[in-house]
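Everything quoted here is computed from the prediction, not taken from an experiment. Order of the sequence lines fixes the chain letters, A, B, ..., with proteins taken first and strands second; residue numbering starts at 1 for each chain. As a basis for the values below, the full set of heavy atoms in this structure was taken, side chains included, without hydrogen atoms, waters or symmetry mates.
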Number of protein chains: 2
Amino acid sequence: MLKLSKKTDYGLMALQHIAANQYGDVARARVVNTKEIAEEYHIPLELLAKVLQTLAKSGLIDSHNGPKGGYLLGKNPREITIAQVLEILEGPLGIMDCSHEKEGDACMQREHCNIRTPLLKIQSSIYQLLNNMTLQDMMGGTPLITIQSVATEQQGVER
Amino acid sequence: MLKLSKKTDYGLMALQHIAANQYGDVARARVVNTKEIAEEYHIPLELLAKVLQTLAKSGLIDSHNGPKGGYLLGKNPREITIAQVLEILEGPLGIMDCSHEKEGDACMQREHCNIRTPLLKIQSSIYQLLNNMTLQDMMGGTPLITIQSVATEQQGVER
DNA sequence: CTTTTATACGACTCATTTGATCGGAGATCA
DNA sequence: TGATCTCCGATCAAATGAGTCGTATAAAAG
């Protein structure tokens, strides 16, 4: 079914959310934390945390520790592609096992394999597809989101 | 990693093999059985059998019972697409859980989901890609499709 | 400087999917 | 008719992914 994992789903949602708060309205740019995202999208907190940590380690986002901490984008949304996120969270893209095989460790079927070449072409096309859509594209016409519960209590403390 | 399952791998190999023996050299067209394919490509016999059964039930291939039995293509190789095989063996294509959701049973994230629309576009493109490559293409020297990017339309709209 | 609050990090458990296997039923050819 | 070969359905085991728990570390507030 070619389904992408929850990690990727959550990661993309989080990135979109962070980007929207950071670039959506420059006047109100702010740091968002894990808890806020988890509650907004009903994602298990600890799992989301793990995803964000992975993204932070890769440099896609920057983490800020302590109270008032959270995450900010490490790159311009225009430079972050879906393919990047996918590879960071799920490993290198490959529609078959032998996608990234070296010449030596081939699979059993390799010698008579009749589908490798055409499938590699498809894989290449899919990659190209994912690599052409950026976080910026995903933000598109998205209006700035209002966060009722969390925002109100933070707004009070903010200034 | 968007990897497709062994079932699909095996299924595609088998279909290619059947097609090659049936249409490759018309003078020597012949029925091939499960065992032959399994040995040729080093695939577990019983697993391959199950895959072929599924394909047969869907009408993609015709099964012939008894001694000298085996499988023949039920359609012209030109009419069999990778997308078909994939959907038969792995279920409907969908890169996210909410791909085929009805309006009612939405996921928790749905109400505030910010990535559904762009991902649906990508999914559509992938489907188109898989649906444009036929078994015929995989057999012969027929060159492949080129793919148009989903993001193009959105890339134009730079803020 | 101490306390409080938030993120960072690693190890672990549980569930789902996938891969693989077994025994039986039906059909064909000698 | 009978023996063989095939398809067929149900079942079992392994691998992957989803989600959880507990502790450590860092920064802000008092």
Side-chain angles (χ1 to χ4, degrees), chain A residues 1-11 14 18 30-39 41-59 61-72 86 89-91 94-97 107-109 150 153-154 156-158, chain B residues 1-11 13-14 18 30-39 41-72 74 86 89-92 94-97 107-109:
Chain A
M1 323 185 245
L2 291 181
K3 201 179 64 179
L4 38 86
S5 73
K6 294 280 183 194
K7 286 186 194 172
T8 307
D9 286 351
Y10 298 160
I18 295 172
R30 64 193 191 86
V31 180
V32 295
N33 62 22
T34 308
K35 190 178 177 186
E36 171 184 328
I37 301 176
E39 287 178 352
Y41 301 100
H42 302 95
I43 302 174
L45 178 65
E46 294 82 5
L47 183 56
L48 176 62
K50 213 169 124 181
V51 169
L52 291 177
Q53 289 160 24
T54 306
L55 291 176
K57 213 154 79 176
S58 76
I61 54 179
D62 293 326
S63 72
H64 297 272
N65 216 335
K68 293 291 168 191
Y71 293 96
L72 284 175
L86 220 150
L89 294 177
E90 303 194 40
I95 61 175
M96 25 176 196
D97 291 333
C107 64
M108 274 304 138
Q109 291 85 22
V150 190
E153 57 180 286
Q154 287 202 356
V157 195
E158 193 149 35
Chain B
M1 322 186 245
L2 292 182
K3 199 179 63 179
L4 38 86
S5 72
K6 295 277 184 196
K7 285 187 195 173
T8 307
D9 286 352
Y10 297 160
M13 288 188 213
I18 294 172
R30 64 193 191 85
V31 180
V32 296
N33 62 22
T34 307
K35 190 177 175 184
E36 171 183 328
I37 301 176
E39 288 178 351
Y41 301 100
H42 301 95
I43 302 174
L45 178 64
E46 293 82 6
L47 183 55
L48 175 62
K50 203 173 138 182
V51 169
L52 291 176
Q53 288 159 24
T54 306
L55 291 176
K57 212 155 77 176
S58 76
L60 235 55
I61 55 179
D62 293 326
S63 72
H64 296 273
N65 217 335
K68 295 287 172 191
Y71 292 97
L72 283 176
L86 220 150
L89 294 177
E90 303 194 39
I95 61 175
M96 24 176 195
D97 290 332
C107 64
M108 274 303 138
Q109 291 84 24

Engineer: Atom CG of A/Leu52 and atom P of C/dA6: how far apart are they, to the nearest Å?
Structural biologist: 16 Å
Engineer: Name all residues meeting the side-chain hydrogen bond (donor to acceptor under 3.5 Å, both in side chains) criterion together with A/Thr8; count only those two or more places apart in sequence or in a different chain, and write none if there are none.
Structural biologist: A/Ser5, A/Glu90
Engineer: In whole angstrom, give the distance that lies between atom CD of B/Gln53 and atom P of C/dG24.
Structural biologist: 17 Å
Engineer: Using heavy atoms to find the nearest nucleotide of DNA chain C for A/Thr34 and B/Lys50 separately, return the residue whose nucleotide is more 5′.
Structural biologist: A/Thr34
Engineer: Kindly indicate whether the side chain of B/Ile18, heavy atoms from C-beta on, has any atom under 4.5 Å from the side chain of B/Ile37.
Structural biologist: yes
Engineer: For B/Lys57, check side-chain contact (heavy atoms from CB on, under 4.5 Å) against everything at least two apart and list the hits.
Structural biologist: none
Engineer: Which residues pass the salt bridge (charged side-chain N to carboxylate O under 4.0 Å, His left out) test with A/Lys7, not counting sequence neighbours?
Structural biologist: none
Engineer: Report the C-alpha separation of B/Leu89 and B/Leu4 in whole Å, then their side-chain angles, then the decisive distance to 0.1 Å, and conclude whether the side-chain contact (heavy atoms from CB on, under 4.5 Å) test is met.
Structural biologist: CA-CA 10 Å; B/Leu89 294 177; B/Leu4 38 86; over 6 Å; no
Engineer: When the distance from CD of B/Glu46 to P of D/dA13 is rounded to whole Å, what number comes out?
Structural biologist: 16 Å
Engineer: State which of D/dT20, C/dT21, D/dC8 makes the closest approach to the side chain of B/Ala56.
Structural biologist: D/dC8
Engineer: Does A/Tyr10 place a side-chain N or O at less than 4.0 Å from the phosphate oxygens OP1/OP2 of D/dG19?
Structural biologist: yes
Engineer: Please report, rounded to the nearest Å, how far the P atom of C/dA6 is from the CD atom of A/Glu39.
Structural biologist: 11 Å
Engineer: Could you state the CG-P distance from A/Leu47 to C/dC12, rounded to the nearest angstrom?
Structural biologist: 19 Å
Engineer: Tell me: CG of B/Leu72 to C1' of D/dC7, nearest whole Å?
Structural biologist: 15 Å
Engineer: Can you name the side-chain hydrogen bond (donor to acceptor under 3.5 Å, both in side chains) partners of A/Lys3, sequence neighbours left out?
Structural biologist: B/Asp97
Engineer: To the side chain of B/Lys7, which of C/dT7, C/dG19, D/dC8 is closest?
Structural biologist: C/dG19
Engineer: Test of understanding: with side-chain hydrogen bond (donor to acceptor under 3.5 Å, both in side chains), list the residues that count as partners of B/Glu46, not counting sequence neighbours.
Structural biologist: none
Engineer: Tell me the interatomic distance from B/Asp62, atom CG, to D/dC7, atom P, rounded to whole angstroms.
Structural biologist: 12 Å
Engineer: Pick the nucleotide of DNA chain C nearest each of A/Gly70 and A/Lys57; which residue has the one closer to the 5' end?
Structural biologist: A/Gly70
Engineer: Can you give one letter per nucleotide of nucleotides 24-30 of chain D, going 5' to 3': B for a protein heavy atom under 4.0 Å from the base, S for sugar-phosphate only, - for none?
Structural biologist: --SBS--
Engineer: Please give, in whole Å, the distance from D/dC21 C1' to A/Leu45 CG?
Structural biologist: 12 Å
